[in-house]
K.L.:
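So that we are looking at the same thing, I have put the structure below in structure tokens.
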Amino acid sequence: MAGVGLIDKDNYDGKITGSVILTCIMAASGGLIFGYDIGISGGVTSMESFLKEFFPEILDKMGKAKQDEYCVFDSQILTAFTSSLYIAGLFASLFATTATKNYGRLAVMLIGGASFFIGAALNASAVNIAMLIIGRIMLGFGVGFTNQATPVYLAEVAPARWRGALTTGFQFFIGIGVLAANLTNLATSLIPNWGWRLSLGLAGVPASILFLAALLIPDTPSSLLQRGHVSAARSALLRLRGPMANIEAELQNIAGSIEAAKVRDKDESQFRRIGRRRYRAQLVMAVAMPLFQQMTGVGVIAFFAPVLFRTVGFGSQSALMSAVILGGVNLISILIASVVVDRYGRKVLFLQGGLQIIICEVAVAWILGSKMGPNGEANLPRGHSIAVLVLMCAYSAGFGWSWGPLSWVVPSEIFPVEIRSAGQSINVAVNLGVTFIQTQVFLSMLCHLKYGVFIFYAAWIAVMTIFVIAFLPETKGVPLDSMMNSVWAHHWFWRRFVVDEEVHQGPVSKT
């Protein structure tokens, strides 16, 4: 319907309240499980006690007097330990669409927390590789469900003016999870024989935090209205905006968008609907944003940070400490993003962060290539090892205030209600699918491309930056249910696809 979703955002009583802050903090804790897993797996796979238990052949390669440093950890079974989680998460995120529609976002978050807890218990008690992989699959189900529900939950409950800051909370908690995992690995690596079990088992802590948080917060007004719970939606919105707030304009806009979607798209699945010409921009972004986020190389660098630092000359403890430093820098940069994202917008952070990442990756490639040799036969001098660490910290900072949080913020806010669950499922599925491929092939890439792997990622970031300049509109401060007509209908490229099907009858002209 033309006009639905066009209520002026200034009529919203969208003030920041203690209730909405507390609710967003509790919901954003869903990022803990993803972050903890990202940080814990790389550290565990660099522990000698873990390698001795499951991958003794890697220890044998590490003990050789002469070796190609880039290829020490090249093992498909070892990378399968990390990557199996992400293929499971991919399938879980797609199934989560139906669960979200029928039972709400909180139910999906509860399922995610419970599944992750089971996976942590299996990994901590593993006695063979098969048990490790099964545990990782359960962790993957938890990540898939949680990543599908949490960012959209945050976008739906946050006031439009503060949505960027509050939605970055998901990435902030991912950062907390990564840092907590790195610190855990640093401590447990001192425990002989079974320290790795403690690292993997403590994944049950963030899973428990998420589960308890989901029991204490309301579902989103949009989700409640979609399932016909009008009074509950009104109560939830009052709780979020404050008991004295005028919520009628916002509630009317949400309800109008949902009713219009029902009339226009009756008996059509969301996955089929998102393929329509009208939603071409949203479909492209659902694929491009997570793809590009992972092609910064951050996922594999985060997973394998201790392995990477050992490759360039750090000892086991020094490598784990370096990963802790990297995690701390990333966390601080996410905080910076939350402060500036609603003031300066999304695009400026994407562009600045992208340029910073390119410079750092090219510089790292130059240092490794010039000092370690083309085949990694020379040890990296101490001073140059520290330079690599500094550059990786600058890289982490650039990612932390650009592609890190914004790749969750932008997809969570651009989908109209009628395709929101499907759009977020595609976003998460692509993210986890690319992460699976990356983690499975990264150590082999490192072995074959050597320092050139950083050039590979720098080239991708150049492409991504051009894409943002040309095709990503600014979305700051725009209410979710006004996004289609306020943003996409005025973009130089995407406006040709935004056709109001109730106004323009007949076939759509080709472009």
Side-chain angles (χ1 to χ4, degrees), residues 19-20 22-34 37 88-120 137-158 166-167 169-170 173 203-204 206-237 239-240 254-255 258 261-262 269-271 408 411-412 415 417-429 431-432 480:
S19 179
V20 77
L22 182 61
T23 298
C24 286
I25 289 174
M26 297 178 77
S29 66
L32 284 173
I33 66 173
F34 193 29
D37 180 78
L90 186 159
F91 289 108
S93 66
L94 297 176
F95 287 123
T97 300
T98 302
T100 299
K101 179 181 178 181
N102 294 332
Y103 305 109
R105 309 209 186 283
L106 283 184
V108 172
M109 291 164 67
L110 286 167
I111 294 171
S115 177
F116 200 84
F117 187 91
I118 294 170
I137 290 172
M138 292 303 299
L139 293 173
F141 289 151
V143 167
F145 276 100
T146 304
N147 286 12
Q148 197 275 351
T150 302
V152 173
Y153 180 99
L154 293 169
E156 288 183 342
V157 303
L166 293 174
T167 310
F170 181 67
F173 273 92
S208 299
I209 291 172
L210 169 63
F211 191 88
L212 292 174
L215 292 174
L216 298 174
I217 57 178
D219 211 336
T220 71
S222 179
S223 178
L224 290 166
L225 283 174
Q226 275 189 296
R227 290 177 286 133
H229 305 312
V230 179
S231 61
R234 184 181 299 275
S235 297
L237 195 55
R239 176 175 170 180
L240 293 166
I254 296 171
I258 291 172
K262 288 180 179 178
S269 72
Q270 287 200 18
F271 284 108
W408 295 107
S412 72
F415 302 118
V417 65
E418 62 267 25
I419 60 168
R420 192 165 293 157
S421 291
Q424 183 64 8
S425 290
I426 293 171
N427 174 57
V428 174
N431 186 295
L432 296 176
L480 293 183

K.L.:
Between Ile419 and Phe271, does a side-chain contact (heavy atoms from CB on, under 4.5 Å) hold up when you go through it step by step?
P.N.:
CA-CA 7 Å; Ile419 60 168; Phe271 284 108; over 6 Å; no
K.L.:
When you measure from the side chain of Gln270 to the backbone N and O of Ala422, does any donor-acceptor pair fall under 3.5 Å?
P.N.:
yes
K.L.:
Taking all non-hydrogen atoms of both residues into account, name the closest pair between Ala236 and Pro218 and its distance.
P.N.:
CB-CB, 4.2 Å
K.L.:
At their closest point, which heavy atom of Cys24 faces which heavy atom of Leu154, and how far apart are they?
P.N.:
O-CD2, 3.4 Å
K.L.:
side-chain contact (heavy atoms from CB on, under 4.5 Å), that's the test. Do Asn427 and Trp408 meet it? Break it down for me.
P.N.:
CA-CA 9 Å; Asn427 174 57; Trp408 295 107; 4.0 Å; yes
K.L.:
Can you measure from OG1 (Thr97) to CD (Gln424) and round to the nearest 0.5 angstrom?
P.N.:
9.0 Å
K.L.:
Tell me the closest heavy-atom pair linking Gly30 and Ile33, and the distance in Å.
P.N.:
O-CG1, 3.4 Å
K.L.:
Can you tell me how far CG of Leu106 sits from OG of Ser223, rounded to the nearest 0.5 angstrom?
P.N.:
7.5 Å
K.L.:
Quick one: OG1 on Thr23 to CD1 on Ile217, what's the gap to the nearest 0.5 Å?
P.N.:
6.0 Å
K.L.:
Distance from Asn147 atom CG to Phe34 atom CZ, nearest 0.5 Å?
P.N.:
5.0 Å
K.L.:
Between Asp37 (side chain) and Leu139 (backbone), is there a donor-acceptor pair under 3.5 Å?
P.N.:
no
K.L.:
Work out which heavy atom in Leu94 is nearest to a heavy atom in Ala429; give both atom names and the distance.
P.N.:
CD2-CB, 3.8 Å
K.L.:
Rounded to the nearest 0.5 Å, what separation is found between the OG atom of Ser412 and the CZ atom of Arg420?
P.N.:
9.0 Å
K.L.:
Would the distance check show the side chain of Arg105 and the main-chain N or O of Tyr153 forming a donor-acceptor pair, the cut-off being under 3.5 Å?
P.N.:
no
K.L.:
Check whether the side chains of Gln148 and Ser93 place a donor and an acceptor atom closer than 3.5 Å, and report yes or no.
P.N.:
no
K.L.:
Using modelled atom types and a 3.5 Å cut-off, is there a donor and acceptor pairing between side-chain atoms of Ser29 and backbone atoms of Met26?
P.N.:
yes
K.L.:
Is Ser425 reaching over with its side chain to a backbone N or O of Ser421, donor-acceptor style, under 3.5 angstrom?
P.N.:
yes
K.L.:
Please report the C-alpha distance between Leu210 and Thr146 in whole Å, then the side-chain angles of each, then the deciding distance to 0.1 Å, and finally whether the side-chain contact (heavy atoms from CB on, under 4.5 Å) criterion is met.
P.N.:
CA-CA 9 Å; Leu210 169 63; Thr146 304; 3.6 Å; yes
K.L.:
Let me check something: any side-chain donor-acceptor pairs from residues 107-119 under 3.5 Å, sequence neighbours excluded? List them with distances.
P.N.:
from	atom 1	to	atom 2	distance (Å)
Ser115	OG	Met138	O	2.7
Ser115	OG	Gly142	N	3.4

K.L.:
So which atom in Leu32 and which in Pro206 form the shortest heavy-atom distance, rounded to 0.1 Å?
P.N.:
CB-CB, 3.7 Å
K.L.:
Ile25: what forms a side chain to side chain contact (heavy atoms under 4.5 Å, CB included) with it, not counting sequence neighbours?
P.N.:
Ile21, Phe173
K.L.:
Locate the shortest heavy-atom distance separating Leu432 from Leu90; write the atom from each residue and the value.
P.N.:
CD1-N, 3.6 Å
K.L.:
Does Ser19 reach the main-chain N or O of Arg239 with its side chain, forming a donor-acceptor pair under 3.5 Å?
P.N.:
yes
K.L.:
If you measure from CG on Leu225 to CG on Asp219, what distance do you get to the nearest 0.5 Å?
P.N.:
10.5 Å
K.L.:
Counting distance only, does the side-chain N/O of Gln226 pair as donor-acceptor with the main-chain N or O of Glu418 below 3.5 Å?
P.N.:
no
